[in-house]
Amino acid sequence: MPTDQAIQAFGAALRGKLIQPSDSEYDAARALYNGMIDKKPRFIARCVDVADVIAAVTFGREQGLLVAIRGGGHNGPGLGSCNNGLVIDLSQMKSVRVDPASRTVRVDAGCTSGDVDHATHPFGLAVPFGIVSTTGVAGLTLGGGTGYLTRKYGLTVDNLIEADVVLADGSFVTASKDKHPELFWALCGGGGNFGVVTSFLFQAHPVGMVYAGPVFWLAKDAKAVMRAYREFLPTAPEELGTFVGLKTVPPMDPFPKEHWGQRACAVISAYNGPAADGEKAIAPLLKAVPAPIFNWMGPMPFPAIQSLFDPFFPKGLQWYWKGDFVKSLPDEAIDAHIAQAAEAPSALCLMHLYPIDGAVRRVAKGATAWATRDATWSMVIAGIDPEPKQADALKKWGRAYWKAVHPFNLEGAYVNFMMDDEADGRVQATYGDNYGRLAQVKRKYDPKNLFRVNQNIQPAA
Ligand SMILES: Cc1cc2nc3c(=O)[nH]c(=O)nc-3n(C[C@H](O)[C@H](O)[C@H](O)COP(=O)(O)OP(=O)(O)OC[C@H]3O[C@@H](n4cnc5c(N)ncnc54)[C@H](O)[C@@H]3O)c2cc1C
């Protein structure tokens, strides 16, 4: 453990704050999005600039501390924190600068996707991020990033132009296709393994008003809806980001009271373009299935659909995640999904299938570390409930559900939908042929595995 003198010197070197267990704000500062995770770091370095990050990386390395990197703090297993070590907390680094001429946006590592949507929307632009606006851009991007704009514009990493990075030795580099190209390749899906990213430069795209929202059916129609969605997706225009899910009708207004708490199937979409075109785009699916219990698709500003589900998922709920990449969805798999979803122990539990097609498939498999470009969906099963005493039931349900459907799926999963209890070999399976190259990059940029609080890639021997 560092001496008092070393701790004092570190605190004095920071423009931001060094928070320790005796500080009054310690409990608030260590709290993560997932209330199931209760980690107690020895130090939280609230960095405000790159110099702070360099000081923190140097302190962590020289003192032999376990080091975690925190962007938005949304990670399922809480990989933005650690016990007894140092958290490099970037949450105060929030600058966003839009360049409308080049349609690019420079984003500091503490931003949420909502921060970026807020900044780009007045310019009629957006970057493809996820579907909940409180999610951190840093962790989401480094893991890959899927959302409504993915079918048309690719994964978040497909829109990454460059990243500023503080490496394990405390040096600073900018990585892009031309500068440190191997590091840049690895950052595009390889997670937080290679250094602390302090800012990202993204390509943005014209996105203004969208035709978007959820359509819900009761579980009795889930089979018909999932089958129809499976056939519809490859025919749908790429401007339509659309995923299918198994859920429960939330027992609250404005949901129809007669259906509160009933099992349901939902298709949730955003069409980037005029409402009339959006209606036309979703019509073939709606024609192929029974009438929904409600269809709340309508015109709205893009940031509105991005934050539509935020109120259901405030910070501090219990979350247990399982994921898989899915190539095809045979009828037997649909049956297994519906049977498992029916056993959910809580109304917030869900299963979503996010499309991996369109622009994602147009990027070569080896072009980024993110490898599973021939999947059709990224599946997430999330057991969610406000009550800590439900934690075991959520885990039990999530594991049983995953076990029942995994035989229909590919071996790997999106790293951002994994907990910390995956079987050996899951991370390797996820990166497939890219794993060996990732291990080489890791050896070059972080040979001692300083950055190991993540879905870890071991440095090549
Ligand atoms: C409600 C909810 C909705 C979600 N929806 C989506 C979605 O639609 N699409 C999608 O793709 N994902 C989605 N996710 C998953 C999300 O991508 C992950 O939870 C991701 O880890 C969040 O990033 P963060 O910065 O908030 O996490 P943190 O917990 O802060 O960090 C997570 C990991 O990222 C690494 N990391 C973070 N910041 C940095 C950095 N600056 N430099 C280097 N490494 C860093 C760390 O190693 C850490 O292991 C969702 C998650 C939640 C909770």
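Counting starts at 1 for both ligands and their atoms, following the listed order.
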### Summary
Checking heavy-atom distances from atom 30 (O) of ligand 1 to each of Ala163, Gly71, Ala68, Ser133, the winner is Gly71
### Query
For ligand 1, which atoms have a heavy atom of Gly72 less than 4.0 angstrom away?
24 (P), 25 (O), 26 (O), 30 (O)
### Query
Between Asp374 and Arg361, is there a salt bridge with N-O shorter than 4.0 Å?
no
### Query
Is any side-chain heavy atom of Ile381 less than 4.5 Å from a side-chain heavy atom of Trp397?
yes
### Task
Would you mind listing which atoms of ligand 1 come within a distance below 4.0 Å of any non-hydrogen atom of Val196?
42 (N)
#### Entry: SB check Arg399 Asp421 (cutoff 4.0 Å)
yes
### Message
So for ligand 1, is Trp319 a polar contact partner (N or O within less than 3.5 Å, distance only)?
### Response
no
### Query
Looking only at non-hydrogen atoms, which of Leu140, Asn193, Thr146 approaches atom 12 (N) of ligand 1 most closely?
Leu140
### Message
Please list, in number order, the atoms of ligand 1 under 4.0 Å from a heavy atom of Leu90.
### Response
40 (C), 41 (N)
### Query
So is His74 polar-close to ligand 1, meaning N/O to N/O under 3.5 Å?
yes
### Message
Val197 versus ligand 1: do any nitrogen or oxygen atoms come within less than 3.5 Å of each other?
### Response
yes
### Expected output: side-chain Asp446 to main-chain Ala168 donor-acceptor under 3.5 Å
no
### Task
Could you find the nearest protein heavy atom to atom 17 (O) of ligand 1 and give me its residue, atom name and distance?
Asn416 ND2, 3.1 Å
#### Entry: From Ile69, Ile131, Val132, Leu155 - option closest to atom 3 (C) of ligand 1 by heavy atom
Val132
### Message
Under 4.0 Å from a heavy atom of Gly73: which atoms of ligand 1 are those, numbered in the order shown and with their elements?
### Response
24 (P), 26 (O), 27 (O), 28 (P), 29 (O), 30 (O)
### Geometric N/O contact Leu79 with ligand 1, under 3.5 angstrom
yes
#### Entry: From Gly145, Gly195, Gly143 - option closest to atom 43 (C) of ligand 1 by heavy atom
Gly195
### Query
Among protein heavy atoms, which sits nearest to atom 21 (O) of ligand 1, and what does the distance come to when rounded to 0.1 Å?
Asn75 ND2, 3.2 Å
### Task
Kindly say whether the aromatic ring centers of Trp185 and Tyr431 come within a distance under 6.0 Å.
no
#### Entry: contact_flag Tyr33 ligand 1 heavy-atom lt 4.0 Å
yes
### Task
Assess Trp321 for proximity to ligand 1: is some non-hydrogen atom of it under 4.0 Å away?
yes
### Query
Tyr414 near ligand 1, heavy-atom distance under 4.0 Å?
yes
### Query
N/O of Ala109 under 3.5 Å from N/O of ligand 1, yes or no?
no
#### Entry: Shortest non-hydrogen separation from Ser199 to Asp108 and the atoms involved
CB-OD1, 3.7 Å
